[in-house]
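What follows is a short report on a single structure.
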Amino acid sequence: MSEHIEYIELRFTDLLGNLKAMIVPCEPAETIEQLKEDPVLEKGSSCDGSSVTGLASVESSDLRLYPDVSSLIELPYSIYRTAAVMCYVKPKMASKEDKDFFPLDARGVLQNVYDTILQDLTFKVKTEPEFHLITRDGAPYDFGGYADTYPQNPGADILLEISSAIRELGINPRVIHHEVGKSQQEVEIDFEDARKMADYLVLFKNLARTIARNYDADVTFMPKPFENDAGNGLHCHIQLWKDGTNLFGKDDGDYLSDKGRSFVAGLLKHAPAITAIANPTINSYKRLVPHHEAPVYVSWGFRNRTVLIRVPLFNTAKKAAVEFRSADPMSNPYLLFSALIACGIDGMKNKLQPPEPRSENIFDYDEEELAKLGISTLPTTLGEALDYLEKDKVIIDALGKPIIDSYLRLKRKEWEHYTSHVITQWEWETYC
Ligand code: GLU
Ligand code: MG
């Protein structure tokens with residue numbers, strides 16, 4: 001381990017939310033506080049946008065990374081003491097103070113959604129990233145089940161190390177446990193401003209993989225790694241605050257305020273289009289099937305785990321929240337939170353009313369009963385979800401046409417490649 005911090009990773013994500021970095025040497029610093037004065041944090045670094053997925057634009061591919069100093073940390077698990085900072089990606093000629101953001105930078109897009117849509121509101125989110133521990137050749141790491149500990153959960157040490165690493169960085173895990181699926185784990189991350197939470201999720205996923213590899217294991221955030229077993233969700237518990245008041249709470253306890261109900265109605269109205277962002281892979285749609293606690297139907301209810309939006313039990317107005325259950329951990333969190341904000345606020349602005357909350361297990365209904373109750377199904381493929389996104393004016397206006405066009409182009413290519421070119425093992429087994 002070097003004595004001083006000698007490098008800074010200037011970090012950003014591609015359009016899919018994958019972590020990227022340019023490493024820049026800095027003046028040797030003993031502490032993060034001291035490093036804050038380093039000229040690198042002022043100047044940033046250049047970056048070739050044309051080589052980063054989804055970042056190439058016709059106008060400019062010469063981009064610059066501008067560090068957001070509030071996100072500066074020292075990285076655990078590095079032989080050389082290294083700092084890391086999340087950056088805004090901007091056109092090369094923009095100045096640091098320039099308020100204009102690069103329209104293909106998802107982190108900039110989320111900040112812009114804050115500035116233009118949320119304004120004086122704060123969107124807080126608690127997330128539940130689920131993932132599978134696997135061996136280096138992709139087999140399950142263990143065969144434990146819900147809340148199993150040693151010896152059924154041999155990955156417990158890896159989990160604790162991941163959790164300690166994020167705690168060192170100021171991220172608060174609330175609960176860490178083995179999930180229902182074989183070798184499936186969950187680390188719940190406490191409520192935080194969505195801009196910070198998006199950074200945390202990018203960091204968390206990167207650290208989880210790095211640490212697992214030290215144990216000769218790996219982590220996958222694939223939504224459905226194993227057939228007929230639980231998939232990986234990224235449940236998002238949402239709160240909206242204004243001047244110290246949780247707008248979803250009602251004075252008299254466990255009820256959702258009118259604003260909260262309209263927010264839910266907005267999410268339900270746009271749910272099919274949100275799905276293209278919340279469930280961005282071909283594999284995502286193999287998770288959105290009945291009986292594995294993942295949502296299938298556009299629905300909501302109190303406590304009910306079979307619906308898309310659950311209102312969990314809370315006992316004071318301050319704790320009121322709504323849980324959006326369809327997202328999975330392959331989603332780009334900056335785009336996901338931007339879309340949730342845009343659609344929820346659309347519901348509030350238009351005072352939308354949600355349908356009747358459901359308290360029963362809606363997986364018990366057949367298609368006819370669902371139709372009678374007016375309950376529709378979430379898109380069942382990536383292709384279908386993209387069609388909804390392409391038509392959703394609220395999301396396009398909020399996130400901007402450039403980033404949605406770039407996303408649609410990328411994802412349509414993936415969908416077309418899979419459906420028209422990929423030959424799977426299943427096809428060999430079924431048709432050979
Ligand atoms: N693994 C489930 C999913 O795919 C969620 C289980 C739970 O309720 O935490 O969403
Ligand atoms: Mg879970």
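Indexing begins at 1, ligand by ligand and atom by atom, following the structure's order. Residue indices begin at 1 and follow the sequence shown. Here the structure is a predicted model, which is why all the values come from computation and not from measurement.
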Q. Should the ring pair Phe131 and Phe221 be called parallel, tilted or perpendicular, given that the plane angle runs from 0 to 90° and is split at 30 and 60?
A.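 The rings of Phe131 and Phe221 sit tilted, inter-plane angle from 30° to 60°.
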
Q) Which of parallel (below 30°), tilted (30 to 60°) and perpendicular (above 60°) describes Tyr297 and Phe363? A) tilted

Q: For Trp300 and Phe324, run ring pair (Phe, Tyr, Trp, His ring centres under 6.0 Å): C-alpha distance rounded to whole Å, both residues' side-chain angles, the deciding distance at 0.1 Å, then the answer.
A: CA-CA 9 Å; Trp300 77 294; Phe324 184 78; over 10 Å; no

Q: Test Tyr388 against His270 for ring pair (Phe, Tyr, Trp, His ring centres under 6.0 Å), laying out the working first.
A: CA-CA 9 Å; Tyr388 280 105; His270 297 280; over 10 Å; no

(Q) Run the side chain to side chain contact (heavy atoms under 4.5 Å, CB included) test against Leu118 and tell me which residues pass, sequence neighbours left out. (A) Tyr114, Leu121, Phe123, Leu240, Ile341, Ile345

In [X], what N, O or S atom is nearest to the Mg ion (ligand 2), if we give its atom name?
X      : value
Glu130 : OE2
Glu186 : OE1
Glu179 : OE2

Q | Thr281 versus Ser284, closest heavy-atom pair with distance | A |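 Distance-wise, the nearest heavy atoms are OG1-OG, 2.7 Å.
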
Q) Strictly by modelled atom types, are His237 and Glu128 linked by a side-chain donor-acceptor pair under 3.5 Å? A) yes

Q) Which parts of the protein, at residue level, reach under 4.0 Å of ligand 1 through a heavy atom? A) Glu130, Glu179, Gln184, Glu186, Gly231, Gly233, His235, Arg287, His292, Glu293, Ala294, Arg305, Arg325

